[in-house]
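Step one of this worksheet: look at the structure below.
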Amino acid sequence: MFLAKKWLGSLLLPLPLLLFLGFLGLFLLLLRQKRSGIVLLLLSLSTLLLLATRPVANALIAPLESRYPPHLIGAEPVQDILVLGAAQVADPRLPLLSQLGQAGIYRIAEGVRLAHAYPQARLILGGYAGGEGRSSAELYGEVAVALGIAPGRLLLLSEPKDTAEEARAMAPLIAGRRALLITSAGHMPRAMTLFAAAGAAPLAAPVDHQAKESNAALPLYTYLPQARYLWRSELAWHEYLGLGWHWLNGRLLDRAQQLR
């Protein structure tokens, strides 16, 4: 089920989906169905072009990232700090931080920062290996120790494969405790939804914001299509797909209970 969900999610991302539509348009042109072929080609190319621009990418991801404000360190104690896993390539030839992806670096850096701010809190680190030699939880733990966090404060959860499994594994650990949840800002709405479904209510501490707007006047070339903006659109698209999947599962479960 996990692999099927990953395959389906990957195929429904903008680049493979739009490329498929484009090739389908070319195929229809070869079959002399000019109108349908041209429509599909124009639709795929124009959509790909728009998704690769900064205004469209920011418009897609900003509603997700603005749902939860950044955490402000306060006097009220925190008992647990949860850091969700992220993609990693555990290549021992590389420096430790180079083995983590961008999201993972942001997440564990914020986790360590907050762990120093709340010295009594446990640091609960998630993320499985996914075919790599080491899990992101293990890499997180090594980073945390290197940055001054005592090993005894760490709890590594290397088994959960995705956010839903992380939520189910972490929820019992933070029952009745004040916990902070750290993940990428665009991922936070889905993560909080999944934790709520697991019966937990951590406080959001988003990081890794993508929709950043400069106060300075930007040159016109920044409005040209760029790969990084397409990647940003893909991040947002992935989160909307995940939220839709969770909503659909909830509706199907409700329907199944009604039929009993």
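These numbers come from the heavy atoms of this one structure, side chains and all, not from hydrogens, waters or symmetry mates.
Here the side chain of Ser135 pairs a donor or acceptor atom with the backbone of Glu138 at under 3.5 angstrom. Looking only at distances, no side-chain donor or acceptor of Tyr229 sits under 3.5 Å from a matching main-chain atom of Asn58. Thr47 places no side-chain N or O within 3.5 Å of a backbone atom of Ser44 that could act as its donor or acceptor partner. The main-chain N or O of Ala129 is found under 3.5 Å from a side-chain atom of Gln88 such that the two form a donor-acceptor pair. Remark: the backbone N or O of Ala121 is paired with a side-chain donor or acceptor of Arg153 at under 3.5 angstrom. The closest donor-acceptor contact from the side chain of Glu110 to the backbone of Pro206 lies at 3.5 Å or more, if one exists at all. At least one donor-acceptor pair under 3.5 Å links the side chain of Arg178 to the backbone N or O of Pro77. At least one donor-acceptor pair closer than 3.5 Å links the side chain of Glu65 to the backbone N or O of Gln210. In terms of modelled atom types and a separation under 3.5 Å, the side chain of Ser233 and the main chain of Leu51 share a donor-acceptor contact. A donor-acceptor pair under 3.5 Å is formed between the side chain of Glu166 and the backbone N or O of Gly85.
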task: Take Glu142 and Gln99, measure what side chain to side chain contact (heavy atoms under 4.5 Å, CB included) needs, and give me the verdict at the end.
output: CA-CA 11 Å; Glu142 192 170 333; Gln99 297 179 51; over 6 Å; no
task: Go through His238 and Arg190 one step at a time and tell me if the side chain to side chain contact (heavy atoms under 4.5 Å, CB included) criterion holds.
output: CA-CA 10 Å; His238 176 77; Arg190 183 158 61 97; 3.4 Å; yes
- prompt: Do Leu15 and Leu48 pass the side chain to side chain contact (heavy atoms under 4.5 Å, CB included) test, and can you show the C-alpha distance, the side-chain angles, and the key distance before you say yes or no?
  reply: CA-CA 7 Å; Leu15 189 57; Leu48 193 61; 4.0 Å; yes
message: Determine whether Leu156 and Tyr140 satisfy the following criterion, side chain to side chain contact (heavy atoms under 4.5 Å, CB included), listing intermediate values before the conclusion.
response: CA-CA 9 Å; Leu156 309 186; Tyr140 281 169; 5.9 Å; no
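Put simply, the side chain of Leu41 reaches to within 4.5 Å of the side chain of Leu29, judged on heavy atoms. Inter-residue side-chain proximity for Ile108 and Ile182 is flagged as unmet; no heavy-atom pair is nearer than 4.5 Å. Side-chain contact check for Trp237 versus Leu17: some heavy-atom pair is nearer than 4.5 Å. Contact of the Leu49 side chain with the Leu45 side chain is not registered, since no non-hydrogen atoms from C-beta on lie closer than 4.5 Å. Annotation: side chain of Leu64 is not in contact with side chain of Met188 (no heavy-atom distance under 4.5 Å).
Distance check: Ile38 CD1 to Leu28 CG gives 11.0 Å after rounding to the nearest 0.5 Å. One finds the CE atom of Met192 at 11.0 Å from the OG1 atom of Thr183 (value rounded to the nearest 0.5 Å). Note that CH2 of Trp245 and CG of Leu12 are 10.0 Å apart. Values are rounded to the nearest 0.5 Å. Rounded to the nearest 0.5 angstrom, His187 NE2 and Leu235 CG are separated by 11.0 Å. With rounding to the nearest 0.5 Å, the separation of CG in Leu181 from CG in Asp80 is 11.5 Å. To the nearest 0.5 Å, atom CE of residue Met170 and atom CG of residue Leu125 are 7.5 Å apart.
The hydrophobic cluster around Tyr223 extends to none of the other residues, as no ILVMFWY side-chain heavy atom falls under 4.5 Å of it.
Leu123 and Leu155 fall into different hydrophobic clusters, where Ile, Leu, Val, Met, Phe, Trp and Tyr are joined by side-chain heavy atoms under 4.5 Å apart, directly or via other members. Residue Ile149 is grouped with residue Leu147 when hydrophobic side chains (ILVMFWY) are merged at heavy-atom distances under 4.5 angstrom, including chains of intermediate members. Placement of Ile73 and Leu180 within a single hydrophobic cluster is found when ILVMFWY residues are connected by side-chain heavy-atom separations under 4.5 Å, directly or transitively. In terms of hydrophobic clustering, with Ile, Leu, Val, Met, Phe, Trp and Tyr side chains grouped at heavy-atom distances under 4.5 Å, Leu26 and Phe20 are assigned to different clusters. Grouping the Ile, Leu, Val, Met, Phe, Trp and Tyr side chains by contacts below 4.5 angstrom, directly or via other members, places Tyr118 apart from Leu82.
Here Arg32 pairs with nothing under the salt bridge (Lys or Arg N to Asp or Glu O under 4.0 Å) rule; sequence neighbours left out. Every residue two or more places apart in sequence or in another chain was checked for a salt bridge (Lys or Arg N to Asp or Glu O under 4.0 Å) with Arg67, and none qualifies.
Residue Ala200 comes nearest to Ile174 through the heavy atom pair CB-CD1, 3.9 Å, listed as atom of the first residue, atom of the second, then distance. Summarising the geometry of Ser46 relative to Leu42, their closest heavy-atom pair is OG-O, 2.6 Å, with the distance given to 0.1 Å. Summarising the geometry of Gly176 relative to Gln79, their closest heavy-atom pair is O-OE1, 4.3 Å, with the distance given to 0.1 Å. Leu154 and Ala144 get closest at one heavy-atom pair: CD2-CB, 4.1 Å. In this structure, Ala185 and Pro189 approach most closely via the heavy-atom pair O-CD, 3.5 Å. Nearest heavy-atom pair, Val56 versus Leu50, reported as atom, atom and distance to 0.1 Å: CB-O, 3.1 Å.
Around atom CD of Gln33, more than 12 heavy atoms belonging to other residues, nucleotides or ligands sit under 6.0 Å away.
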